[in-house]
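Let me begin by presenting the structure, written as structure tokens, before commenting on it.
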Number of protein chains: 2
Amino acid sequence: MNDVVKRSNGALNNVGLKNTELKKAGLKATLPRLKILELMENSEGRHMSAEDIYKKLLELGEDVGLATVYRVMTQFEAVNLVSRHHFDSGLSVFELNEGSHHDHLVCEKCGKVEEFVEESIERTQHKIAKKFGFKMTDHSLYIYGICPACQEESSRT
Amino acid sequence: MNDVVKRSNGALNNVGLKNTELKKAGLKATLPRLKILELMENSEGRHMSAEDIYKKLLELGEDVGLATVYRVMTQFEAVNLVSRHHFDSGLSVFELNEGSHHDHLVCEKCGKVEEFVEESIERTQHKIAKKFGFKMTDHSLYIYGICPACQEESSRT
DNA sequence: GCTGATAATGATAATATTTCGCATTTCTAT
DNA sequence: ATAGAAATGCGAAATATTATCATTATCAGC
Ligand SMILES: [Mn+2]
Ligand SMILES: [Mn+2]
Ligand SMILES: [Zn+2]
Ligand SMILES: [Zn+2]
């Protein structure tokens, strides 16, 4: 028997690759973890709450508990497979660590998230931490506002 | 009878001033609101959770419910008397709006909070929002790290 | 200074998010 | 294939915050 299913179905591709990805991170390649990784790679919005992920798994007919989603996210975060954000909503939002570090613009009306990189800010942050004698471990920068689409919507009353 | 008590006791000073402050903000000058304002002005740490505030009020023998603290914080935030932060801990942290806008450095070990102002970052943020067509309403920047005291503590094992 | 309309409060229940406990299942190194 | 360790799903618990509602306090108008 082979874990890697015949390649007639795109959705079941590179199961072997993700398997390796997890092993390399020191995590057992369990079904829930594989499913979650796959889902996060193939989803529209890169930024998802635990509930979002859980619901999508249900839609796909997968039997994964919400507690497992939370556990797996915490583990993925620990091995740097995902980042956790705390937007103003208060709940945790996760995203796959694919590209490199970036910060976020969040629309307060529709929740749309844009990503940006600004090296000058990154450098300045380190400078500030140093000035206060802090050993910087992390940082979070969120810019909140109204996205172009939502501005337009409220203008045509 | 007069609301402003004789000035023998420092703790009861400027009740009249805070009274006016609240009225000016369009809020009724109720006892809980006055007590909370006073507490926030005279407290050590400028950054407090609702629970922190609630406990301090209890210590002072005031009879204020936790729900009221949350309600009052939300109202104070709405009239710009306080700011609400979401540090990574997950819960809301409030601070009196006394000086001008600033951002925060947070120690992940002991929770110590340092404040800083960095005009270049402020300007760059606006520039980024504009680039994406967002009408910027707010932003939050938290730098996490280990404060000098905590570094020392962990070095002398 | 009283009074009544109105708004605010405290206690408690409810909600939302996240974690825990534990019996059962799944992985994986042999 | 098997056994031991680790992970899972479920439900209960813990946290943080908000809503409900009967009671109380505030304050504009007298
Ligand atoms: Mn992102
Ligand atoms: Mn501050
Ligand atoms: Zn929008
Ligand atoms: Zn510290």
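Here is the naming used below: chain letters follow the sequence lines, and residue numbers restart at 1 for every chain.
For the pair Arg33(B) CZ and dT26(D) P, the computed distance is 10 Å after rounding to whole Å. Rounded to whole Å, the distance from CD1 on Ile36(B) to C1' on dG10(C) is 13 Å. Put simply, CG on Leu22(A) is 17 Å from P on dA6(D), counting in whole angstrom units. One interatomic measurement links the two molecules: NZ of Lys55(A) to C1' of dA16(C), which rounds to 12 Å at whole-angstrom precision. The CG-C1' distance, from Leu27(A) to dA5(D), rounds to 15 Å in whole Å. To the nearest angstrom, C1' of dA8(C) lies 6 Å from NZ of Lys28(B). Rounded to an integer number of Å, the gap from Leu31(A) CG to dA6(D) C1' is 15 Å. In this entry the distance linking NZ of Lys35(A) with P of dT8(D) reads 14 Å, nearest Å.
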Grab the N/O contacts between the protein and nucleotides 28-30 of chain D below 3.5 Å, and write none if there aren't any.
none

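Across the helix from dG1(C)-dC30(D) to dT30(C)-dA1(D), the helix axis at one end is tilted relative to the axis at the other end by 40° (nearest 10 degrees, each axis from five pairs).
Glu118(A) and His102(A) form no side-chain donor-acceptor contact under 3.5 Å, judged by distance and modelled atom types alone.
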Could you run through nucleotides 9-22 of chain D and give me one letter per nucleotide, 5' to 3': B if any protein heavy atom sits under 4.0 Å from the base, S if only the sugar-phosphate is that close, - if neither?
BBB----SBBBB--
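For the atom pair Asp88(B) CG and His139(A) NE2, the distance stands at 11.5 Å (nearest 0.5 Å). Put simply, CD on Glu38(A) and CD on Glu62(A) are 8.0 Å apart, with the number rounded to the nearest 0.5 Å.
Hydrophobic cluster membership of Ile121(B), counting Ile, Leu, Val, Met, Phe, Trp and Tyr whose side-chain heavy atoms lie under 4.5 Å apart directly or via other members: Leu105(A), Phe116(A), Ile121(A), Ile128(A), Phe132(A), Phe134(A), Met136(A), Leu141(A), Ile143(A), Leu105(B), Phe116(B), Ile128(B), Phe132(B), Phe134(B), Met136(B), Leu141(B), Ile143(B). Grouped with Leu17(B) in a hydrophobic cluster is no other residue, since no side-chain heavy-atom contact under 4.5 Å to another Ile, Leu, Val, Met, Phe, Trp or Tyr is found.
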Audit row: His86(A), His85(B), ring pair (Phe, Tyr, Trp, His ring centres under 6.0 Å) steps and yes/no:
CA-CA 11 Å; His86(A) 293 98; His85(B) 304 294; over 10 Å; no
Could you walk me through whether Glu115(A) and Arg46(A) pass the salt bridge (charged side-chain N to carboxylate O under 4.0 Å, His left out) test, one step at a time?
CA-CA 10 Å; Glu115(A) 305 180 332; Arg46(A) 294 178 33 70; 3.1 Å; yes
In residues 65-79 of chain B, what donor-acceptor pairs under 3.5 Å come from side-chain atoms, sequence neighbours left out?
from, atom 1, to, atom 2, distance (Å)
Thr68(B), OG1, Arg71(B), NH2, 3.0
Thr74(B), OG1, Tyr70(B), O, 3.1
Thr74(B), OG1, Arg84(B), NH2, 3.3
Gln75(B), OE1, Arg33(B), NH1, 2.9
Glu77(B), OE1, Arg84(B), NE, 3.0
Glu77(B), OE1, Arg84(B), NH2, 3.2

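The two atoms that bring Leu22(B) and Leu34(B) nearest to each other are CD1-CD2, 3.7 Å, heavy atoms only.
Glu21(B) and Lys23(B) are not joined by a salt bridge, as no carboxylate oxygen comes within less than 4.0 angstrom of a charged side-chain nitrogen.
Within 6.0 Å of NE2 on His126(B) lie no more than 12 heavy atoms contributed by other residues, nucleotides or ligands.
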